[in-house]
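These values consider heavy atoms only, across backbone and side chains, with no hydrogens, waters or symmetry-generated copies. Sequential numbering from 1 along the given sequence is applied to the chain's residues. Just follow the structure's listing: the first ligand is 1, and inside any ligand the first atom is 1.
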Amino acid sequence: MDNLQERIYKEFEGKEIFKQALDNGLDYLNTIFDRNVYPSEEALQGLKNFDEELPEHSTDAKQVLTQLHQYGSPATTATMGGRYFGFVASSVTPIGIAAKNLATFWDQAPAMHVLSPIGCKLEAVVEQWLVNLFNLPKDSCAGFVSGTSTANLCGLAAARYHILKKNNWDVSKKGLRNSPKIRIVTGKQAHATVTKAIGILGLGSDAIEWVDVDQQGRILTESVPELDQNTILILQAGNVNSGAFDNFKELCKKAKAVDAWVHIDGAFGLWAQTVERLKHLTLGMELADSWAVDAHKTLNTPYDNGIVLCANREALISALHMSGSYIVQSDQRDGMLYTPEMSRRARIIELWATLKYLGKSGVDELVHTLYERAKLFADTIRTVDGFNVENDVVFNQVIVRCATDELTEKVLHKIQELRDCWLGGSVWFGKKVMRVSFCSWATTENDITIAVNSFRKALELITSSK
Ligand SMILES: *Cc1c(COP(=O)(O)O)cnc(C)c1O
């Protein structure tokens, strides 16, 4: 029997498992537009095949992949197809998958330029692209993180650092004990990841000053308390249910007048700024200090592509930096200065490839089409007896409700059971609702017809079984 090193070398030389992975992957892609969107019962049962003890000895590499494909592929949700409307989950473009595949072979970590010249180069290039695309202040910087949960954390860490620095308090050294107080002001519809970030940062979610919102979930400007220079005002580009946008222009002006910090959670909505016909939604967003956004939502890159943007480079770097005698900093951009992690994969490669492939007009068309699909769905479902649209459809989110909470829940479960499409539920101003998110480049008008038919059928099945 060969030793482990010899066996691994053989896998590299034979390349059979790489070919098998590609074949399995391509087989999978053949199914995603037509298959049941949620895994079948049988596929879910098949997951039992993973209930095993860690093997005592090495397993054949091909067998490992075969197990994944045989029992894993059917137990995926078809988020890549055109009828997954859950959460704000997007599909992926072929260039995103392909670039990620090539990058897998490179296995780069863009912590420092010396560790990955290509990774750090692409981060520098895309940072500038994004600053231009979002029309941000020209010295703004970007950190490439896993998602908006982390991007919110980073933006708010920069805010915390900056506000305390203004008070001659270096939070990295002195911590929060006995520090000057930071005020947090945000809308009652802020995303849960904002509350979480505030908790992690030790600012305490109990201290949040919650502002009333209107029927769409937008902060009521007149209800915002008096702000001051020790305040972080957190706004939202794209309410996770309704897709609504806060009034950035007015709110940022109010904050800027007293030197408060404004952070915008724009996980999926910030992309409205890149669309000629939708940028009225984000008017004034460039007046904020930090922004969080996901490419793996609206831009349809593979997952694990969040971005924190910050107008104050010094604040972001100071909040997240580390040092050590073995760290090699260059005069080029070192990615780890802008993120909490040191080692992380070069997710920038898929982001760069997707942006280069789409170009500005492609981004505009991709994002605007999501809005058109949402509108078409809303206009169609509203004509079906028994369904109501509860929000103004301004971007990619549609909130649908039946006559009662009970009926809404039953119909939702029936739609999920039918598996022609998938969407989740939510609570909107105390009422149970279905939330339908249009986030996939792949959604066609025909997909919407199929989805509407599924809604209709589900309602018929529920009402006729009474
Ligand atoms: C999805 C989402 C988040 C969290 O982003 P992740 O990439 O899942 O970490 C935060 N805020 C809003 C508004 C979102 O839609």
> Does the pair M336 and E341 meet the rule for a side chain to side chain contact (heavy atoms under 4.5 Å, CB included), with working shown?
Replying inline: CA-CA 6 Å; M336 63 181 239; E341 309 95 333; over 6 Å; no
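- By the criterion of a heavy-atom distance under 4.0 Å, neither the backbone nor the side chain of F87 is placed next to ligand 1.
- Of all protein heavy atoms, the one lying nearest to atom 9 (O) of ligand 1 is S149 OG, 2.6 Å.
- Remark: K253 NZ is loosely packed, at most 12 non-hydrogen atoms of other residues, nucleotides or ligands lying under 6.0 Å away.
- Ranked by closest heavy atom to atom 13 (C) of ligand 1, the top entry among T193, D265, D294 is D265.
- Per-residue contacts place F268 under 4.0 angstrom from the following atoms of ligand 1 (heavy atoms of the residue considered): 15 (O).
- Considering backbone and side-chain N/O atoms, H296 comes within less than 3.5 Å of an N/O atom of ligand 1.
- Of all atoms in ligand 1, numbered sequentially from 1 with element shown, those under 4.0 Å from a heavy atom of V240 are 15 (O).
- With contacts defined as side-chain heavy-atom distances shorter than 4.5 Å, the pair K188/D212 qualifies.
- A salt bridge links D304 and R345; the closest N-O separation between the charged side-chain nitrogens and carboxylate oxygens is under 4.0 Å.
- Of the heavy atoms in A267, only side-chain atoms (C-beta onward) come closer than 4.0 Å to ligand 1.
- By the side chain to side chain donor-acceptor pair (under 3.5 Å) test, E409 is found to be paired with K432, residues two or more places apart in sequence or in another chain being considered.
- Compare Q397, H191, K297 by their heavy atoms: the one nearest to atom 2 (C) of ligand 1 is in K297.
- Using a cut-off of 4.0 Å between Lys/Arg side-chain N and Asp/Glu carboxylate O, E276 and K279 are scored as salt-bridged.
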